[in-house]
Structure formats: C-alpha cells, structure tokens
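Chain identifiers are assigned alphabetically (A, B, ...) following the order of the sequence lines, protein sequences preceding nucleic acid strands; residue numbering begins at 1 within each chain. Note that this is a predicted model, so its numbers are computed, not measured.
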There are 2 protein chains.
Amino acid sequence: MSLPQYDSRNRLLTLLPEEDLERLLPHLERVTLPLGKSLCESGVEMDHVYFPLDAIVSLLCVLENGTSAEIAVVGNEGIVGVSLFMGGRTTLSRAIVQSAGEAYRLDGQRLKNEFYQAGEMQQHLLHYTQALMTQLSQTAICNRYHTLDQQLCRWLLLCLDRLPDTNLAMTQNLIADMLGVRRSGVTQAAGKLQQAGLIAYHRGQITVLDRPGLEERVCECYKVVKDEYDRLMARPVVM
Amino acid sequence: MSLPQYDSRNRLLTLLPEEDLERLLPHLERVTLPLGKSLCESGVEMDHVYFPLDAIVSLLCVLENGTSAEIAVVGNEGIVGVSLFMGGRTTLSRAIVQSAGEAYRLDGQRLKNEFYQAGEMQQHLLHYTQALMTQLSQTAICNRYHTLDQQLCRWLLLCLDRLPDTNLAMTQNLIADMLGVRRSGVTQAAGKLQQAGLIAYHRGQITVLDRPGLEERVCECYKVVKDEYDRLMARPVVM
DNA sequence: GAACCTCTGTACGCTAGCGCACGTAATGAG
DNA sequence: CTCATTACGTGCGCTAGCGTACAGAGGTTC
C-alpha cells in the first residue's frame with residue numbers, strides 16, 4: 001500500500017482494504033502525544049479516537065481513593081476509544097500516554113459511521129476489542145497469581161513490542177503506578193534484571209539488553225495475550 | 001410483554017423490541033444447566049450461546065498449570081458466548097456453571113445473523129459486552145488491591161443479584177476456586193461474616209441474612225460494576 | 001558553584017495470604 | 001449401623017509485598 005503521506009505503522013489501520021483507508025485518510029489527523037497526556041477520563045465522553053503509531057497508551061482503572069492500576073496497554077496494534085463504537089459513550093477507565101509518540105486522531109462520529117457501515121472495519125474493530133478483553137482477563141489473573149518480578153518482565157515486553165527500538169523512557173515511579181505496586185518494589189525487581197544483565201537502568205531510561213532473557217523470566221500471560229492478538233488481528237477476516 | 005411460554009427473566013432478552021423477540025422465540029431452547037457443566041472451553045468454538053434465567057455462569061481464565069480464577073460472572077442479565085458475535089470464534093476463557101439453573105440456548109449462527117442485521121439486538125449485545133469489559137477491568141484491580149474478605153462479599157453480592165432468593169448452594173471449595181484463593185482462606189473470611197451475623201453457612205448452603213451488612217463490608221468494585229451494568233443496559237438505546 | 005529536585009538504592013517491621021496438614025462434624029451408601 | 005466421603009474449622013511456619021523512611025547520585029536552575 002503506497003498512499004501519499006500515509007504512516008502505516010498502526011496495525012489496525014493497515015488491516016483495512018485500500019478503499020476504506022483512502023476514504024478515512026483525509027480525516028486522520030496526525031498528533032503528537034506527550035507523556036502523561038490524558039486521552040480519556042472515567043465517565044467522560046471522548047470526541048476522538050486515537051490510533052497510536054509509536055506512542056503507548058495505558059488504560060487504567062481508578063479507585064475512589066485515587067490509586068489506580070493498568071488494566072491494558074494500547075500501542076500501534078490498536079485503537080484508544082473502543083467505548084465509542086461499543087455504544088456506551090463513556091467508560092470507567094482512564095487512558096494515559098505512557099510513552100510519548102505519534103498517533104492518528106479521528107473524529108468519533110466519523111468512526112461510528114464507519115463502524116455502522118458493517119464492513120471490514122467493523123469486523124476488525126470487534127476483533128480488536130475481543131483481543132483487548134483477553135488482555136483485561138489475563139491482567140486480572142496475572143494480578144492474582146504472579147510475582148512482581150514476572151509482572152515487570154511482562155510489562156517491559158509489552159512496551160518493547162510497541163516501540164521501534166529497545167529504549168524505554170520510563171521512571172520506576174511510573175512503572176510502579178502502572179503495575180499498582182510500590183516504587184521500591186520496582187527498584188528491587190529491576191535490580192535483579194539489571195544484575196542478570198537483561199536490562200540497563202539509568203534515570204528514567206531503560207535499555208533492554210537481552211530480550212530472550214526477559215522472555216525466559218516472564219509469566220505465561222505475556223505470550224498468551226500476544227498470540228491471541230496475532231490470531232484475532234490476522235487477515236483475512238472470515239465471517 | 002406477554003408472549004406465550006416466554007420466561008422473561010433474562011434482562012438482555014427483555015430489552016429486545018417485541019418483534020425481534022418474537023422472531024427469536026421459536027429458536028430459544030430452554031435447557032437446564034447442572035452445576036459444573038462447561039459451556040465453553042478455552043480455544044474451542046461454541047455452537048450455541050446461552051441466556052441464563054436463574055443459572056449463574058462463571059467465566060474463568062485458566063493457567064498452564066491448571067489453576068484458574070474467575071474473571072467475570074454472567075447471570076440473568078447477560079449472555080454466555082460474546083466471542084461468537086465479536087468474531088473471534090473462540091476465546092481463551094472457560095465458562096462453567098457455578099449455580100445450577102435454567103437458561104435459554106440459541107444456535108450460534110442464528111445469533112450471528114441477528115447481530116449482523118445491525119438492529120437493536122446488535123446495540124444491546126455491544127452494550128452488554130462493554131459492561132462485561134468493565135467487570136473484567138474491575139476484577140483485575142480488585143485482585144490487586146482488595147482483601148479476601150472484601151472480595152468474598154463482592155462475590156456473594158454478585159451471586160445474590162442473579163438469584164431469585166437469598167440461598168446460595170456453593171461450597172467453600174468452589175468459592176475458593178472461583179476467587180483463586182485457598183479453601184481455608186474462604187473458611188476464615190466466611191467465618192467472620194458468620195460471626196457478624198451476615199450469613200449462615202451449612203455444608204454447601206449459604207443463607208444471606210443481612211444484605212446491607214454485606215454491602216457495608218464490600219469493596220467499591222461491586223457497586224462500580226453494578227452501576228455500569230445498569231447504565232449500559234437501560235432502555236432506550238441512543239445511537 | 002550552590003541549592004534544589006528527581007530518580008534510584010536500601011533497610012526494617014508488619015501483614016495478608018500461602019502451602020500444608022490434621023481434626024471433626026455432617027451426610028449418604030451399603 | 002457402619003463406613004467412606006464430603007465439607008468445614010484450625011493451626012503453623014513461611015514469603016511476597018506493603019508502608020515508611022532515609023541516603024546518595026545524577027541533573028537542573030540561577
């Protein structure tokens with residue numbers, strides 16, 4: 001596909017037939033998402049959806065006392081704002097930019113129109129949503145059973161899959177907030193990985209040195225979710 | 001609505017316009033779901049969906065080592081088998097009957113046809129799915145932050161909402177499996193509730209004596225999810 | 001260069017829940 | 001009535017992670 005000025009890094013968009021994409025393209029607005037930006041707040045209707053290109057967005061569930069934890073990650077494989085076409089208009093989760101980068105922004109109403117034409121776009125969006133549900137489920141069980149060490153590996157790999165290189169710009173504080181644990185817990189877990197030579201940590205910059213090593217230590221949740229994304233987001237769509 | 005022989009206890013079905021329901025009704029097969037019956041296994045395509053009437057079905061996420069934990073509950077408010085219309089054909093979760101009872105069974109292909117007519121049925125199914133996603137998310141964060149005592153209260157209330165009376169037929173062993181904790185952990189938590197006079201436990205029979213008391217002890221997760229279900233499954237549908 | 005802030009390392013007591021094991025009471029089958 | 005089974009109560013040592021606190025190291029500001 002060689003459309004003018006089209007950045008094809010978003011997997012969900014590239015699944016679209018060329019004609020659908022061409023129709024959509026003029027309305028895709030390229031935006032830069034800075035770290036920490038909120039794309040969606042609990043109970044507030046979104047007026048746009050986002051297709052990340054190299055940005056990573058965390059979906060967070062927030063408790064009354066203000067604490068929160070990540071329930072899913074969205075990167076260049078997906079879309080932020082499923083509640084729009086699911087019809088609920090709002091959702092209880094927050095969407096926060098966890099790794100700054102680029103994204104395509106699309107008007108919510110336009111997405112809905114596209115969705116309700118019941119074409120391939122609808123299929124892909126529904127498939128993606130099902131994959132997202134798998135991620136939510138696996139996060140739940142991972143929270144119940146797996147150690148912080150394993151979860152950290154999972155989280156690093158999730159990010160790695162959605163980034164162009166092996167450099168993650170995130171402080172331990174941020175990671176702790178995402179995982180819903182203490183910052184010093186992350187320090188300890190990251191310390192082990194660093195001692196094992198898998199990562200190098202330096203003031204908010206993590207460099208992954210040995211990805212296979214991480215994959216050895218991670219809990220099964222990582223691969224389970226990844227495989228399910230690959231299965232559900234493979235072409236072609238069979239009805 | 002007074003259709004012949006129609007059991008109107010399933011909220012999702014009752015949301016349908018009368019004409020849609022009449023079309024569906026001849027194909028709704030009433031079935032009895034015994035305790036422990038599996039309605040869906042990980043990775044296996046379902047050929048039917050189920051609309052519980054007074055049965056309760058647990059959606060479980062299963063790990064490689066065989067342990068599992070509940071990620072959501074489906075009762076008379078919903079449908080078992082969303083992966084069918086979401087298009088993924090299979091899902092990674094198991095669906096196990098947690099409380100025996102009745103349900104309507106519908107052929108999967110017929111449901112898909114109904115869904116792809118893009119009428120109210122589709123809207124309701126999507127809304128329900130979004131509510132289910134909220135339940136998944138809240139389960140994840142509840143697993144992370146809340147105590148077993150709170151989770152037990154949540155679980156009892158979830159069941160209570162989906163049952164006709166205040167009697168739950170479930171052993172502590174079963175509850176432990178659902179919550180993904182030790183059996184003796186449930187014994188202790190239930191012991192506290194019993195001492196407080198909120199429930200009476202006797203060999204697999206729980207009687208809830210003081211529902212408001214449970215609601216005082218439960219974590220916020222219960223109400224958050226319940227309210228979201230009510231919001232998303234209220235008539236009328238606004239596009 | 002000095003003051004300040006941010007990020008990371010480390011330590012310590014504490015608690016919820018785990019794994020395991022054993023005892024006991026209720027129930028049902030023969 | 002007897003016996004096996006199921007369900008529940010209890011105890012004990014153990015560990016991961018919590019809450020908190022403090023210190024040092026790397027940047028930044030003026």
Side-chain angles (χ1 to χ4, degrees), chain A residues 35-36 63 65-70 98-99 140-156 167-196 198-207 217 219, chain B residues 35-36 63 65-70 98-99 140-156 167-196 198-207 217 219:
Chain A
L35 176 66
L63 294 179
N65 62 16
T67 60
S68 63
E70 189 179 87
Q98 173 202 107
S99 178
I141 202 163
C142 195
N143 281 350
R144 157 116 0 250
Y145 286 115
H146 297 143
T147 64
L148 176 48
D149 291 22
Q150 294 174 304
Q151 290 181 39
L152 176 60
C153 290
R154 180 169 80 95
W155 196 82
L156 290 175
N167 258 50
L168 325 187
M170 15 202 75
T171 66
Q172 298 184 350
N173 224 320
L174 180 74
I175 300 180
D177 285 347
M178 294 299 158
L179 296 180
V181 297
R182 285 178 317 156
R183 195 266 314 157
S184 51
V186 175
T187 303
Q188 286 191 317
K192 292 182 202 170
L193 297 182
Q194 200 158 8
Q195 277 204 319
L198 306 184
I199 65 171
Y201 220 118
H202 181 68
R203 288 189 71 75
Q205 292 290 330
I206 312 174
T207 309
R217 298 193 172 214
C219 51
Chain B
L35 176 65
L63 293 179
N65 62 16
T67 59
S68 62
E70 188 177 88
Q98 172 201 107
S99 179
I141 201 162
C142 195
N143 282 351
R144 157 115 2 249
Y145 286 115
H146 297 144
T147 64
L148 177 47
D149 292 22
Q150 293 174 305
Q151 291 182 39
L152 177 60
C153 290
R154 181 169 79 95
W155 196 82
L156 291 173
N167 259 49
L168 325 187
M170 12 203 79
T171 66
Q172 297 185 349
N173 224 319
L174 179 75
I175 299 180
D177 285 347
M178 295 297 157
L179 296 182
V181 297
R182 288 179 314 158
R183 195 267 312 158
S184 52
V186 175
T187 303
Q188 286 190 317
K192 292 183 203 169
L193 296 182
Q194 199 159 9
Q195 276 202 320
L198 306 184
I199 64 171
Y201 219 119
H202 182 66
R203 286 190 75 73
Q205 292 291 330
I206 311 173
T207 309
R217 298 192 172 216
C219 51

For Q205(B) and dA7(D), is the shortest distance between a side-chain N/O and OP1 or OP2 below 4.0 Å? no
Could you state the CD-P distance from Q195(A) to dG9(C), rounded to the nearest angstrom? 10 Å
Taking only the side-chain heavy atoms of R183(A) (C-beta and beyond), determine which of dT8(C), dA11(C), dG17(D) contains the nearest atom. dT8(C)
Separation of atom CD1 in I206(A) from atom P in dC7(C), rounded to whole Å: 13 Å
Nucleotide dG17(C), atom C1' - distance to OH of Y145(B) in whole Å: 18 Å
Nearest whole Å is fine: how far is dA16(C) P from N143(A) CG? 19 Å
Regarding G185(A), tell me which of base, sugar-phosphate or nothing describes its non-hydrogen contacts under 4.0 Å with the strands shown. nothing
Whole-Å distance between dA7(D) C1' and L35(B) CG? 14 Å
State whether the side chain of Q205(B) and the backbone N or O of N167(B) hold a donor-acceptor pair below 3.5 Å, judged by distance alone. no
Using only modelled atom types and a 3.5 angstrom limit, is any donor from either the side chain of R144(A) or the base of dG17(C) paired with an acceptor on the other? no
So how far is it from L179(A) CG to W155(A) CH2, rounded to the nearest 0.5 Å? 7.0 Å
In B/S/- notation, 5' to 3', how is nucleotides 24-30 of chain C contacted by protein heavy atoms closer than 4.0 Å? -BBS---
Distance alone, cut at 3.5 Å: any donor-acceptor contact between the side chains of T171(B) and N173(B)? no
Y201(A) (side chain) donor-acceptor with Q172(A) (main chain) under 3.5 angstrom: yes
note: K192(A), atom NZ; dG9(C), atom P; distance rounded to Å ~ 13 Å
Nucleotide dA16(C), atom P - distance to CZ of R182(B) in whole Å: 13 Å
Return yes if some donor-acceptor pair links the side-chain N/O of N143(B) with the main-chain N/O of R144(A) below 3.5 Å, else return no. no
Just to be sure I understand the rule, does T187(B) reach a base, reach only the sugar-phosphate, or reach nothing, if contact means heavy atoms closer than 4.0 Å? base
Verify side-chain contact (heavy atoms from CB on, under 4.5 Å) between R217(A) and T147(A), making sure each step is shown before the conclusion. CA-CA 11 Å; R217(A) 298 193 172 214; T147(A) 64; over 6 Å; no
Sorted by number, residues from residues 167-177 of chain B placing a heavy atom under 4.0 Å from DNA chain D are T171(B), Q172(B)
Check the distance between dT10(C)'s P and Q188(A)'s CD and give it to me in whole angstrom. 9 Å
For the CG atom of L156(A) and the CG atom of L152(A), what is their distance to the nearest 0.5 Å? 4.5 Å
Checking side-chain hydrogen bond (donor to acceptor under 3.5 Å, both in side chains) between D149(A) and each of Q188(A), R154(A), K192(A), which is the one that passes? K192(A)
Nearest-0.5 Å distance that lies between atom CG in L168(A) and atom CD1 in I199(A): 8.5 Å
